[in-house]
Novice: 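Quick one: structure below, then a few questions.
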Amino acid sequence: MGSALIGLAAAVVGVTGTLIASVLSQRLLGRVQSEQFERQQQVAAAQWRREQQVAELNRRRESYMQVNASFRRYRTHLMNFLWTVHKGAVTPEAREVLEEARRDHHSVFAEAQLIASAAVLAELDEMTTALSEVYRRTMCLEEGNPDPDGSFDDIRTDFVRLWEQWESMRGVMRADLGVGDSAGEPLAVGT
């Protein structure tokens with residue numbers, strides 16, 4: 001009987017070991033799969049965040065390009081209108097061309113307000129305020145009611161200041177996009 005009990009005990013231990021091994025193996029496999037799933041989720045989340053950052057950068061870049069283009073167009077038409085006023089040759093068509101450029105600038109600026117970083121938005125606000133003041137002064141000159149310092153030459157000088165301010169704004173935009181500073185060295189994205 002002793003050897004039968006020993007055989008039975010060995011069989012019970014063997015079967016129990018086999019059952020426990022399969023349970024432990026399943027648990028270990030479940031833990032490994034769970035950790036692998038977590039890593040995949042982390043990689044997917046990191047990839048999604050990167051794609052969002054790239055998309056946001058592209059939206060800002062497109063918006064800044066539109067702002068630059070509309071500013072240049074508006075400034076050019078405003079300068080042309082100033083020369084037309086100076087020559088005394090203002091026509092409804094000349095006024096409409098200016099107003100169309102002005103409306104376009106306002107539209108693009110409104111869109112940029114929703115996308116631009118705080119630093120760029122501050123520059124845009126200053127630029128739009130300065131541009132609006134030059135427009136006001138030009139219209140006062142055209143109506144024959146110029147400001148005390150609103151002569152043709154004074155307003156032409158304002159355009160030089162506008163251009164300098166635009167260069168500053170452009171530099172802030174470039175820095176915001178991580179393009180590089182004025183020395184030509186690249187900046188890190190997010191600085």
Side-chain angles (χ1 to χ4, degrees), residues 52-191:
Q52 292 302 309
Q53 289 172 343
V54 167
E56 173 63 23
L57 182 66
N58 287 336
R59 279 190 298 275
R60 284 196 331 257
R61 181 180 296 118
E62 181 66 29
S63 176
Y64 295 171
M65 286 186 314
Q66 289 177 1
V67 164
N68 274 317
S70 74
F71 166 75
R72 289 177 85 118
R73 197 169 30 256
Y74 182 25
R75 179 184 174 272
T76 299
H77 287 300
L78 189 54
M79 282 183 1
N80 290 343
F81 189 77
L82 178 63
W83 277 101
T84 304
V85 168
H86 183 63
K87 292 177 189 175
V90 174
T91 63
E93 293 80 22
R95 183 179 286 276
E96 182 53 35
V97 167
L98 174 61
E99 290 304 320
E100 185 179 325
R102 185 172 183 243
R103 283 189 300 271
D104 178 57
H105 176 74
H106 287 303
S107 175
V108 170
F109 174 70
E111 184 178 328
Q113 285 178 310
L114 302 176
I115 296 172
S117 69
V120 171
L121 188 56
E123 290 288 327
L124 286 173
D125 286 339
E126 285 180 29
M127 177 58 70
T128 301
T129 300
L131 197 53
S132 293
E133 179 62 14
V134 172
Y135 173 83
R136 184 195 66 75
R137 289 166 49 97
T138 302
M139 292 298 114
C140 286
L141 180 65
E142 191 260 335
E143 293 167 359
N145 189 24
D147 291 351
D149 60 345
S151 70
F152 171 77
D153 290 328
D154 291 334
I155 296 172
R156 265 189 31 203
T157 303
D158 289 345
F159 279 104
V160 172
R161 284 192 292 264
L162 272 177
W163 194 257
E164 291 167 354
Q165 192 171 354
W166 173 76
E167 288 176 340
S168 171
M169 179 186 73
R170 187 183 61 187
V172 172
M173 287 177 175
R174 289 174 57 82
D176 185 54
L177 294 173
V179 174
D181 64 7
S182 59
E185 295 183 21
L187 295 174
V189 174
T191 57

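Side chains are part of it too, since the values below use all heavy atoms of this structure and drop only hydrogens, waters and symmetry mates. The structure displayed is predicted, hence computed values, not measured ones.
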Novice: So which heavy atom on Gly150 is nearest to which on Leu141, and how close?
Specialist: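 Heavy atoms of Gly150 and Leu141 come nearest at O-CD1, 3.6 Å.
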Novice: Do Arg102 and Glu99 sit within salt-bridge range, that is, some charged N less than 4.0 Å from a carboxylate O?
Specialist: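 Yes, charged N to carboxylate O under 4.0 Å.
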Novice: Could you tell me the separation between the CD1 atom of Ile155 and the CG atom of Leu162, rounded to the nearest 0.5 Å?
Specialist: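 Atom-to-atom, Ile155:CD1 and Leu162:CG are 11.5 Å apart.
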Novice: Are more than 12 heavy atoms from other residues, nucleotides or ligands located less than 6.0 Å from atom CD of Glu100?
Specialist: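 Incorrect, the count does not exceed 12.
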Novice: Would you call the rings of His86 and Trp83 parallel, tilted or perpendicular, where under 30° means parallel and over 60° means perpendicular?
Specialist: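 Perpendicular, since the angle between the ring planes exceeds 60°.
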Novice: Could you walk me through whether Leu82 and Phe152 pass the side chain to side chain contact (heavy atoms under 4.5 Å, CB included) test, one step at a time?
Specialist: CA-CA 7 Å; Leu82 178 63; Phe152 171 77; 3.7 Å; yes
Novice: At what distance, to the nearest 0.5 angstrom, does CH2 of Trp163 lie from CE of Met79?
Specialist: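 One gets 8.5 Å once the value is rounded to the nearest 0.5 Å.
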Novice: What I'd like to find out is whether the side chain of Leu177 reaches to under 4.5 Å of the side chain of Arg60, using heavy atoms alone.
Specialist: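 Yes - at least one pair of side-chain heavy atoms lies under 4.5 Å apart.
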Novice: Answer yes or no: is there a donor N or O on one side and an acceptor on the other, between the side chain of Thr157 and the main chain of Asp153, under 3.5 Å?
Specialist: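 Yes, the answer is positive, given that a donor and an acceptor are paired below the 3.5 Å cut-off.
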Novice: Distance check, rounded to the nearest 0.5 Å: Asp104 atom CG versus His77 atom NE2?
Specialist: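 The distance works out to 9.0 Å.
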Novice: CG/Leu121 to CG/Asp125 distance, rounded to the nearest 0.5 angstrom?
Specialist: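 The CG atom of Leu121 sits 4.5 Å away from the CG atom of Asp125.
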Novice: Is Ser70 reaching over with its side chain to a backbone N or O of Val67, donor-acceptor style, under 3.5 angstrom?
Specialist: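 Here the side-chain-to-backbone pair exists.
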Novice: Could you tell me whether the side chain of Gln165 and the main chain of Glu126 form a donor-acceptor pair under 3.5 Å?
Specialist: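 Present.
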Novice: Distance check, rounded to the nearest 0.5 Å: Thr128 atom OG1 versus Tyr135 atom OH?
Specialist: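 OH of Tyr135 is found 14.5 Å from OG1 of Thr128.
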Novice: I want to check something: taking the side chain as every heavy atom from C-beta on, are Glu56 and Ile115 in contact at a cut-off of under 4.5 Å?
Specialist: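 Yes. Closest side-chain heavy atoms under 4.5 Å.
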Novice: What's the spacing between Thr138 OG1 and Glu133 CD if we round to 0.5 Å?
Specialist: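 Thr138 OG1 to Glu133 CD: 9.5 Å, rounded to 0.5 Å.
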Novice: Check this for me: does any side-chain nitrogen of one of Glu62 and Arg59 sit under 4.0 Å from a carboxylate oxygen of the other?
Specialist: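 Salt bridge flag = no for Arg59 with Glu62.
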Novice: Let me see the working for Thr84 and Leu98 under side chain to side chain contact (heavy atoms under 4.5 Å, CB included), right down to the final yes or no.
Specialist: CA-CA 11 Å; Thr84 304; Leu98 174 61; over 6 Å; no
Novice: Let's go through Arg137 and Asp149 carefully: what are the C-alpha distance in whole Å and the side-chain angles of both, what is the deciding distance for side chain to side chain contact (heavy atoms under 4.5 Å, CB included) to 0.1 Å, and is it a yes or a no?
Specialist: CA-CA 9 Å; Arg137 289 166 49 97; Asp149 60 345; 3.1 Å; yes
Novice: Is Phe81 close to Val90 at the side-chain level, that is, under 4.5 Å between some pair of heavy atoms?
Specialist: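 SC-SC contact between Val90 and Phe81 confirmed.
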Novice: Are any non-hydrogen side-chain atoms of Met127 and Phe109 less than 4.5 angstrom apart?
Specialist: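 Heavy-atom side-chain distance check fails, nothing below 4.5 Å.
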Novice: Using every non-hydrogen atom in the two residues, find where Ala116 and Leu124 come nearest and quote the distance to one decimal.
Specialist: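 Looking at all heavy atoms of both residues, the shortest contact is CB-CD1, 4.2 Å.
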Novice: Less than 4.5 Å apart, side chain to side chain, heavy atoms only: is that true for Met139 and Val85?
Specialist: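 No - every pair of side-chain heavy atoms lies 4.5 Å or more apart.
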Novice: For Val172, is there any backbone N or O sitting under 3.5 Å from a side-chain donor or acceptor partner on Asp176?
Specialist: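 A pair under 3.5 Å: no.
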